[in-house]
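As a basis for the values below, the full set of heavy atoms in this structure was taken, side chains included, without hydrogen atoms, waters or symmetry mates. The structure presented is a predicted model; accordingly, all values stated were derived computationally and were not measured. Numbering starts at 1 and runs along the sequence shown.
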Amino acid sequence: MLKLRKKSFVFDDPTPVPECHASTLLKLEGESLLAAWFAGTKEADADTSIWVSRYEGGTWSVPRSVTPETGIQHWNPVLFQRNDGTILLFYKIGYPISDWQTRVLSSQDGGQTWSAPREMVPGDRSGGRGPVKNKLIRLSNGRILAPGSVEHLPWRCFIDASDDEGCSWSKRPIAVCAPQENSIHLIQPTLWEHPAGHVHALMRSNQGRIFRSDSEDFGDTWAPARPTNLPNNNSGIDCVRMDSGTIVLAYNPVGENWGVRYPLSISASFDGGTSFEKVLDIETEPCPNGYCYPAIIADRTTIHMTYTWNRRKIAYCMLEEIPG
């Protein structure tokens with residue numbers, strides 16, 4: 001059972017810039033958190049940049065922009081911490097989306113200061129590498145997997161794998177095996193591992209359903225993606241596996257392509273991901289731009305989540321897993 005313990009905004013009025021979207025979340029030492037998102041006048045405007053805020057002592061710091069490049073579109077940051085404590089901030093730049101590239105910043109002091117940006121995969125012009133929205137995961141053998149996708153038609157997902165703490169990456173495709181497969185568009189995978197070496201991906205689609213693929217070899221090869229019975233409105237999803245084995249999925253349970261982005265709900269699986277049941281609604285009121293693009297992480301029995309609130313704010317909530 002999951003219970004909502006806290007719900008607030010990372011920042012309140014007056015908002016730093018008119019629009020914000022696509023947050024990411026990282027657990028730091030103690031009770032600290034680090035969040036990032038992109039923001040500017042409007043999505044796809046050239047004045048967008050990546051913003052961050054740190055949660056300490058029950059409050060969020062004043063948001064600040066941390067990317068130095070100007071006059072170019074910024075998108076979809078993703079945070080990750082290496083074993084040596086270095087924080088990596090992946091994000092996309094450029095327009096159109098099908099041609100964007102992946103940049104990386106690094107921080108040695110918990111996100112207080114950041115390095116100059118670098119290309120994640122030098123010279124890559126394939127339409128983006130590495131994480132496209134959702135968090136990277138570290139597998140039981142130490143490998144890091146980054147869930148990626150490209151938006152050339154048809155949209156397709158892939159997994160980038162690193163066995164050297166993110167210094168180099170190798171791309172693994174996820175195929176679609178279905179009639180009229182070129183009409184099926186899949187992006188923005190979210191991952192979990194269980195049991196060891198078995199990795200599972202849920203994906204956003206244009207088919208009114210979340211799709212799924214599985215790997216039995218630490219992400220080296222992936223089964224063709226197939227539809228699940230979970231609804232999807234062609235908007236972002238995220239999931240996480242808790243220490244208890246419960247898999248928690250945050251999503252808009254709307255089974256219509258480009259459907260509304262409300263409600264924002266939580267479903268849970270207690271059988272390893274075979275089936276999910278809705279356990280909680282986070283937001284239900286109709287809203288012009290909806291409540292969407294959740295980012296969730298687990299810390300023992302606690303779930304932390306951020307999401308886009310009507311494109312104007314980044315919302316934060318904390319949930320607790322209660323036995324019974």
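Side chains of W37 and V10 form a contact here, defined as non-hydrogen atoms less than 4.5 Å apart. Looking at heavy atoms from C-beta onward, W75 lies out of side-chain contact with V132 at the 4.5 angstrom threshold. Counting only heavy atoms from C-beta outward, the side chains of L79 and K135 never approach each other to under 4.5 Å. When side chains are defined from C-beta on, M318 counts as touching T302, because their heavy atoms get closer than 4.5 Å. Two residues are said to be in side-chain contact when any heavy atoms from C-beta on lie closer than 4.5 Å; W258 and N206 fail this criterion. Between F218 and D163 the shortest side-chain heavy-atom distance does not fall below 4.5 Å.
The residues D13 and K313 are annotated as salt-bridged, a charged nitrogen and a carboxylate oxygen being separated by less than 4.0 angstrom. Residues K3 and E320 are not paired through a salt bridge, judged by the lack of any N-O separation under 4.0 Å between the basic side chain and the carboxylate. Between R172 and D160 there is no salt bridge, since no side-chain nitrogen of the basic residue lies less than 4.0 Å from a carboxylate oxygen of the acidic one. For the pair K7 and E283, the salt-bridge criterion is met [side-chain N within less than 4.0 Å of a carboxylate O]. Using a 4.0 Å cut-off between charged nitrogen and carboxylate oxygen, D99 and R125 do not count as a salt-bridge pair. Under the 4.0 Å criterion applied to side-chain N and carboxylate O atoms, R300 and E321 are not assigned as salt-bridge partners. R143 has no carboxylate O lying under 4.0 Å from a charged side-chain N of E193, or vice versa, which leaves the two without a salt bridge. Ion pairing between a basic and an acidic side chain is recognised when a charged N comes within 4.0 Å of a carboxylate O; R311 and E43 show such pairing.
Separation of atoms OH (Y91) and OG1 (T24) is listed at 14.0 Å; rounding is to 0.5 Å. Y262 contributes atom OH, which lies 10.5 Å from atom CG of N252 (distance to the nearest 0.5 angstrom). To the nearest 0.5 angstrom, R5 atom CZ is 14.0 Å from I303 atom CD1. One distance of note links CG of D271 with CD1 of I247; it measures 7.5 Å at 0.5 Å rounding. For the atom pair OG of S23 and NZ of K133, the computed distance is 7.5 Å after rounding to the nearest 0.5 Å. We find the CD-CD1 distance between E69 and I50 to be 10.5 Å, quoted to the nearest 0.5 Å.
By the criterion of side-chain heavy atoms lying less than 4.5 angstrom apart, applied directly or through intervening Ile, Leu, Val, Met, Phe, Trp or Tyr residues, W169 is not grouped with I137; the two fall into different hydrophobic clusters.
The two residues K27 and E29 come nearest to each other via the heavy atoms NZ-C, 4.4 Å. Listed here is the closest heavy atom pair of Q112 and R64: O-NH2, 2.6 Å. Across all their heavy atoms, N76 and A22 have their closest contact at OD1-CB, 3.5 Å. Scanning all heavy atoms of the two residues, the minimum distance from L89 to A36 falls at CD1-CB, 4.1 Å. Closest of all the heavy-atom pairs between L136 and P131 is CD1-CG, 3.8 Å.
Classified by interplanar angle (parallel below 30°, tilted 30° to 60°, perpendicular above 60°), the ring pair W192/H200 is tilted. The aromatic rings of F9 and W309 sit perpendicular, their planes meeting at an angle over 60°, well past the 30° parallel limit. Using the six-membered ring where Trp is involved, W60 and Y55 have ring planes that are tilted, between 30° and 60° apart.
Residue E31 places its CD atom among 12 or fewer non-hydrogen atoms of other residues, nucleotides or ligands, all under 6.0 Å distant.
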> Please walk me through it: do R212 and T228 pass side-chain hydrogen bond (donor to acceptor under 3.5 Å, both in side chains)?
Replying inline: CA-CA 7 Å; R212 175 171 175 159; T228 72; over 6 Å; no
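By the salt bridge (Lys or Arg N to Asp or Glu O under 4.0 Å) test, E216 pairs with no residue at all, sequence neighbours left out.
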With a cut-off of 3.5 Å and sequence neighbours excluded, list every side-chain donor-acceptor pair involving residues 285-297.
from	atom 1	to	atom 2	distance (Å)
Y291	OH	E285	O	2.9
Y293	OH	Q188	NE2	3.1
Y293	OH	R204	NH1	2.9

